[in-house]
Structures are given as structure tokens and as C-alpha cells.
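Sequential numbering from 1 along the given sequence is applied to the chain's residues. Below, all heavy atoms of this structure are taken into account, side chains as well, without hydrogens, waters or symmetry copies.
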Amino acid sequence: MKRIATLLIGLVMATTATAGVISLRAAEGTPIKAEQSGNGDRGVVLVHSQGRDRSDWSSFAEKLSDNGFNVVALDLRGHGESSGPEVLGEADYAAMVQEVEAAAGYLRQKGAQSVTVIGAKLGASLALHAGAGTEDVSNVVMLSPGLNVLGLKVSRALTDYGAKPILLVASDTDSGGSRAAEAIKQNALGDADFELLTDAGIGVRMLNRSPDLEGLIISWLSGTFKINKGEASSKEALQTGDVSALETTGLTLGQ
């Protein structure tokens, strides 16, 4: 059964009415810091990779906010401004899923009609698991995904994620990420698109090294991705999370 995260949300500091640092806490979770910017009914959660923090997304978060999205960029436990143990174990990484769910729940409480979670490497795995754990997440974007990242296995999430759409992005120079993306695409139960970039690096770095990637992701968020590719539009599914009309494959990863 999918869960809705229990939230304790506090505004710590705000520089404007629509931007500032917030504090999130999932049920029985560690308090984490995040930065909210923008407004509107289209929510985006940005999730960094292992050893990084929300500052990785600063430029992209600003672009998303300028394009009408309500954005929350997280500092996962033990990263950035968020507290946590000095040494993180598999239980900590598993608990991070609830922190992503809490961010999605926060945006829903603020009026978001759809919430996309965008994650890089570890963040990509957390995005998929959060999408499997709560209906608050409408769809996910996975940058440089892995099949088993710090104990977070794709096989445990794809079935529960169901037929929600997935956008997968990897570089041809990242053999592990590109193989994982192809496997996820082949085994997804719903609409999964895989964009293979040329010499673009790994994770968030792809946003700097591939000039078209920001526009591609924004078109996905806006519901014009399929139109831009000359395919049938899935705008309604991407905007609302209603994927009942999407064909399912019935396959799961055997890992």
C-alpha cells in the first residue's frame, strides 16, 4: 500500500514570499533542510547524489522557478545543512526515501497538482522509490541511474511505481548508467523514455555539458516532451499522474 508521508513543516527563513529555506521531517525521520523557490501548481523536487548537496541544483532550480514551477531542492540527511550520522549506512539511505516523499507532500500541501522528482545517481534511485511509495509523486526523471545504489534496488520499486511515466537520461561515456537506464526502460510498467547523451558526464554535470538537457527536462515537466519528439502527446498523464491509458509490460527486473 502506498503511503502519504506525515509531515512536520517549518519555515526557517524566507528571503521572499516564494523562496527560502524550509525544514522537513517525515514520520520518525531526521529533520532535513531544503530550499523552496517559485510557485504555481506544478511541483518539482530536486534530489542530489551521494556526498553532494542541494547547491548542485542552484542554477537549474532558478531556471525552473522562472518557468513557473514550484521547486524544492533537498539536503538529504548527513549532507549539506541537514543533520545525520557521520557515517551513513544502508538503513540511512533507505530512510532518505521518506525525506523525498516529505518534500513531495509539502508541495502537494502548497497546492501542487503534480509533482515530479528529479534525481541524480543516488537521487535517481530515491526518486523512483519515492514514486513507488506515495501517490504524491506523479512521475520521475532519473539522471545517471543505477540498478542497485547503496542498497536501493530498482527491482524493489518498479512494480510498486506502476505505470507512472519515467524519463531516463545518461551519457554514452557512463556505461553503468546507460545500461541501467536501458534495463529500467525495458522493464518499466508504463511510459519510459531514455535519452542517451554524447560525452555529457555523469549526474548533474550533464546539465552543464549537454546544452539541450535543461530544455528537454522542462519540456517533460511541461507536458510537451512527446510533441517535441513528434510522438503522440502524453501531456495529461505527465501533468496529473493519470496513466491509466498507458500500456504496461508486466515485466520486472530479476535482480
Subject >> Closest non-hydrogen atom pair between D191 and D193, with its separation >> reply: OD1-OD2, 3.5 Å
Subject >> Minimum side-chain heavy-atom gap L147-I184 below 4.5 Å >> reply: yes
Original post:
In Å, rounded to the nearest 0.5 Å, how long is the span from CG of L126 to CD of Q98?
Top reply: 11.5 Å
**OP:** Any pair with a residue in residues 43-52 that passes side-chain hydrogen bond (donor to acceptor under 3.5 Å, both in side chains), sequence neighbours left out, goes on the list, sorted by first then second residue, please.
**Re:** Q50-Y93, R52-D56
**OP:** Please answer whether the main-chain N or O of I218 pairs with a side-chain N or O of K63 as donor and acceptor at a distance below 3.5 Å.
**Re:** no
**OP:** Not counting sequence neighbours, which residues clear salt bridge (charged side-chain N to carboxylate O under 4.0 Å, His left out) with E81? List them please.
**Re:** R54
Subject >> Closest non-hydrogen atom pair between G203 and L143, with its separation >> reply: O-CD1, 4.3 Å
Subject >> Candidate pair D136 and V115, rule side chain to side chain contact (heavy atoms under 4.5 Å, CB included), full reasoning >> reply: CA-CA 7 Å; D136 284 338; V115 176; 5.7 Å; no
Subject >> Check: E101 and H129 side chains under 4.5 Å, non-hydrogen atoms >> reply: no
**OP:** Determine whether L150 and D92 make a side-chain contact, defined as any pair of heavy atoms from C-beta on separated by less than 4.5 Å.
**Re:** no
Subject >> Between W220 and N139: side-chain donor-acceptor atoms closer than 3.5 Å >> reply: yes
Subject >> Between CG on residue D41 and NZ on residue K110, distance to nearest 0.5 Å >> reply: 15.0 Å
Original post:
Do T116 and L167 come within less than 4.5 Å of each other through their side chains, counting heavy atoms only?
Top reply: no
Original post:
Within a strict 4.5 Å, meaning less than it, do heavy atoms of the I118 and W57 side chains meet?
Top reply: yes
Subject >> side chain to side chain donor-acceptor pair (under 3.5 Å) partner of S138, chosen from R42, R108, Q113 >> reply: R108
Original post:
Just wondering, do M96 and H79 contact through their side chains at under 4.5 Å, heavy atoms?
Top reply: yes
Subject >> D160 side-chain N/O to A157 backbone N/O, donor-acceptor pair under 3.5 Å >> reply: no
**OP:** Spell out, as yes or no, whether a donor-acceptor pair under 3.5 Å connects the side chain of E135 to the backbone of V137.
**Re:** no
Subject >> Same apolar cluster (I L V M F W Y, side chains within < 4.5 Å links), L207/I202 >> reply: no
**OP:** Starting at OG of S219, measure out to CG of N67 and round the result to the nearest 0.5 Å.
**Re:** 11.0 Å
Original post:
If you take all heavy atoms of G146 and V154, which pair is closest and at what distance?
Top reply: O-CG2, 3.3 Å
Subject >> Shortest non-hydrogen contact between S65 and G38, atoms and distance >> reply: OG-N, 3.6 Å
Original post:
Does any N or O in the side chain of S222 come within less than 3.5 Å of the main-chain N or O of T224, such that one atom is a donor and the other an acceptor?
Top reply: no
Subject >> Student check: side-chain heavy atoms of L64 and L221 closer than 4.5 Å >> reply: yes
Original post:
Do Y161 side-chain atoms and V140 backbone N/O form a donor-acceptor pair below 3.5 Å?
Top reply: yes
**OP:** Mind running side chain to side chain contact (heavy atoms under 4.5 Å, CB included) on L128 and I166 for me, showing each step along the way?
**Re:** CA-CA 9 Å; L128 185 66; I166 304 174; 4.1 Å; yes
Subject >> Atom pair NZ/OG of K153 and S125 - distance to nearest 0.5 Å >> reply: 12.0 Å
Original post:
Going through the distances and angles, do L189 and L158 end up as a side chain to side chain contact (heavy atoms under 4.5 Å, CB included)?
Top reply: CA-CA 7 Å; L189 299 180; L158 270 180; 5.8 Å; no
**OP:** Identify the two heavy atoms, one from G43 and one from A112, that lie closest to each other, and give their separation to 0.1 Å.
**Re:** N-CB, 3.9 Å
Original post:
Do K121 side-chain atoms and S144 backbone N/O form a donor-acceptor pair below 3.5 Å?
Top reply: no
Subject >> Gap separating the CZ atom of R209 from the OG1 atom of T173, nearest 0.5 angstrom >> reply: 6.5 Å
**OP:** Indicate the atoms forming the closest heavy-atom contact of S171 with D199, along with that distance.
**Re:** OG-N, 3.6 Å
Subject >> Nearest-0.5 Å distance, CD of residue E214 to CG of residue N208 >> reply: 7.5 Å
